[in-house]
2 protein chains.
Amino acid sequence: MEFKDAKNKFIQTWGALGSQWGINKTMAQIHALLMVSPEPLSMEDIMEELLISRGNASMNLRALMDWGIVYKEYKSGERKEFFTAEKDLDELAVKIAQERSKREIKPALRVLKDVSSIKGNETKETKHFVEQTSKLYDFVLKADNMIDKVTEFKDNWIGRLVMKIMK
Amino acid sequence: MEFKDAKNKFIQTWGALGSQWGINKTMAQIHALLMVSPEPLSMEDIMEELLISRGNASMNLRALMDWGIVYKEYKSGERKEFFTAEKDLDELAVKIAQERSKREIKPALRVLKDVSSIKGNETKETKHFVEQTSKLYDFVLKADNMIDKVTEFKDNWIGRLVMKIMK
DNA sequence: TTTTATTTTCAATTATTTTTGAAAGTTCAA
DNA sequence: TTGAACTTTCAAAAATAATTGAAAATAAAA
């Protein structure tokens with residue numbers, strides 16, 4: 001395979017994967033492109049490579065920066081802005097996890113807590129409802145906490161041991 | 001809050017969460033509804049509760065069964081089919097993880113492996129590309145393996161210990 | 001200040017995904 | 001068999017999401 005083809009295939013695949021996980025295709029593609037670019041790219045560069053409009057590039061770069069996984073850079077002498085991606089994969093994973101937790105999981109947890117605490121008539125339906133949503137609350141809370149724990153976990157000895165066991 | 005409101009809020013929230021994670025809203029809602037129903041529901045029941053068409057209900061129930069998280073049941077004397085959701089949350093999580101791994105991660109891994117093994121000219125660009133995609137391959141592979149490991153992991157002593165440490 | 005380069009915004013358009021509903025397909029009791 | 005009860009399929013419609021492009025905004029240079 002040619003480099004050009006490989007690069008393209010990578011960008012397309014990453015974009016498709018992103019959209020299956022609720023991240024817009026272009027956003028994932030821009031990120032993919034920046035990941036494999038040894039040098040920072042300008043908006044112009046990105047538009048050209050991905051064949052997208054200026055508006056699209058601008059909006060998705062903003063979104064990526066909001067996620068904290070793409071950074072703006074300035075080159076001396078150059079007027080325009082350049083962009084680089086977070087390339088440390090552990091850091092990337094943590095950032096994504098934290099952001100999704102903040103935006104999606106935490107609000108869902110609040111709702112779960114609310115709905116699982118309804119009081120009143122003790123029909124089979126309500127009892128089962130409270131039981132299920134409570135369990136779900138505990139489960140999601142535990143899963144969410146795990147994300148917070150992963151960072152520190154990676155750094156301590158038992159964590160590294162477990163990581164090894166996990167292959 | 002009234003039970004009826006709580007139930008509705010739960011279903012809406014679950015649906016919204018689903019769509020943020022690449023699962024169609026109705027599919028997530030049907031699953032939510034079945035999760036909190038103490039008794040199996042018929043397609044008719046589901047259509048009524050969620051105000052959706054027969055076709056929609058049929059297709060999304062099929063999808064949920066393909067994911068292995070909703071089961072068809074028959075009641076003696078009744079001609080129509082009834083449905084229940086997987087209610088064991090560990091089981092649910094494992095099934096979802098396995099299915100997403102199979103459908104999305106594994107194919108992406110294959111591509112990563114391919115594109116990271118291009119040979120030829122050793123420009124800065126290609127070297128960086130190979131380096132990054134190789135790292136990504138290793139990382140995604142490790143993450144994917146973790147999913148496979150979680151099931152067995154939960155059941156052995158060190159796993160339980162670590163789970164405790166993780167809170 | 002004025003001009004020029006660059007980025008952002010957002011209404012309108014386009015693309016994608018989901019949903020509908022009715023016809024076709026199944027299944028089973030009579 | 002036939003026909004009633006029920007489910008599936010899928011083309012068309014509706015809903016949702018992404019993208020464009022040009023005008024407005026911003027920022028640096030002249």
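Throughout, protein chains are lettered first and strands after them, A, B, ... in sequence-line order, and every chain is numbered starting at 1.
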Nucleotide [N], atom [atom2] - distance to [atom1] of [X] in whole Å:
{"X": "B:E73", "N": "D:dC6", "atom1": "CD", "atom2": "P", "value": "17 Å"}
{"X": "A:Q20", "N": "C:dT16", "atom1": "CD", "atom2": "P", "value": "15 Å"}
{"X": "B:L50", "N": "C:dT18", "atom1": "CG", "atom2": "P", "value": "16 Å"}
{"X": "A:I52", "N": "D:dG21", "atom1": "CD1", "atom2": "P", "value": "12 Å"}
{"X": "B:M47", "N": "C:dT18", "atom1": "CE", "atom2": "P", "value": "20 Å"}
{"X": "A:I46", "N": "C:dT6", "atom1": "CD1", "atom2": "C1'", "value": "14 Å"}
{"X": "A:N60", "N": "D:dA17", "atom1": "CG", "atom2": "C1'", "value": "12 Å"}
{"X": "B:L51", "N": "C:dT18", "atom1": "CG", "atom2": "C1'", "value": "16 Å"}

- Task: Establish, yes or no, whether a centroid distance under 6.0 Å links the rings of A:F3 and B:F129.
- Result: yes
- Taking the six-membered ring for Trp, are B:Y74 and B:F82 ring centroids under 6.0 Å apart? no
- Item | 5' precedence on DNA chain D between A:M27 and B:F82 (nearest-nucleotide basis) | B:F82
- Query: Just how large is the angle between the end axes of the helix from C:dT1-D:dA30 to C:dA30-D:dT1, five pairs per end, to 10 degrees?
  - Reply: 10°
- May I ask you to check if B:R62 and B:W67 form a cation-pi contact, with NZ or CZ under 6.0 angstrom from the six-membered ring centre and within 45° of the axis? no
- Assess the side chains of B:T26 and B:N60: does a donor N or O sit below 3.5 Å from an acceptor N or O? no
- Walk me through it: do B:K7 and B:L33 pass the test side-chain contact (heavy atoms from CB on, under 4.5 Å)? CA-CA 8 Å; B:K7 183 171 169 184; B:L33 173 60; 3.7 Å; yes
- Is there a side-chain contact between A:H128 and B:K87, using heavy atoms and a 4.5 Å cut-off? yes
Could you work out which one of [options] sits closest to the side chain of [X]?
{"X": "B:T26", "options": "C:dT19, C:dT20, C:dT7", "answer": "C:dT19"}
{"X": "A:K80", "options": "D:dT9, C:dT7, C:dT20", "answer": "C:dT7"}
{"X": "A:N56", "options": "C:dT8, D:dT20, C:dT19", "answer": "D:dT20"}
{"X": "B:S53", "options": "D:dT20, C:dG21, D:dT8", "answer": "C:dG21"}

- Query: In Å and rounded to the nearest 0.5 Å, what is the CD1 to CD1 distance from A:I96 to A:I69?
  - Reply: 4.5 Å
- Out of curiosity, B:E49 CD to B:E44 CD, how far, rounded to the nearest 0.5 Å? 12.5 Å
- Report the residue from A:L34, A:L61, A:T84 that forms a side chain to side chain contact (heavy atoms under 4.5 Å, CB included) with A:L41. A:L34
- Is there a path of hydrophobic side-chain contacts, each under 4.5 Å between heavy atoms of I, L, V, M, F, W or Y residues, that connects A:W14 with B:F139? yes
- Task: Report which part of the nucleic acid B:E81 touches: base, sugar-phosphate, or nothing (heavy-atom distance under 4.0 Å, all strands).
- Result: sugar-phosphate
- Check whether any side-chain N or O of B:R54 sits under 4.0 Å from OP1 or OP2 of C:dT20, and answer yes or no. no
- Item | Distance below 4.0 Å between A:N24 side-chain N/O and D:dT19 OP1 or OP2 | yes
- Item | Where protein sits on nucleotides 11-16 of chain D, one letter per nucleotide: B base, S sugar-phosphate only, - none, heavy atoms under 4.0 Å | ------
- At their closest point, which heavy atom of B:T126 faces which heavy atom of B:N121, and how far apart are they? OG1-O, 2.8 Å
- Query: If every non-hydrogen atom of A:V36 is compared with every non-hydrogen atom of B:Q132, which pair is closest and at what distance?
  - Reply: CG1-CB, 4.3 Å
Each nucleotide N or O in nucleotides 26-30 of chain D that has a protein N or O under 3.5 Å away: list the pair and distance.
residue	atom	partner	partner atom	Å
D:dA28	N3	A:R79	NH2	3.1

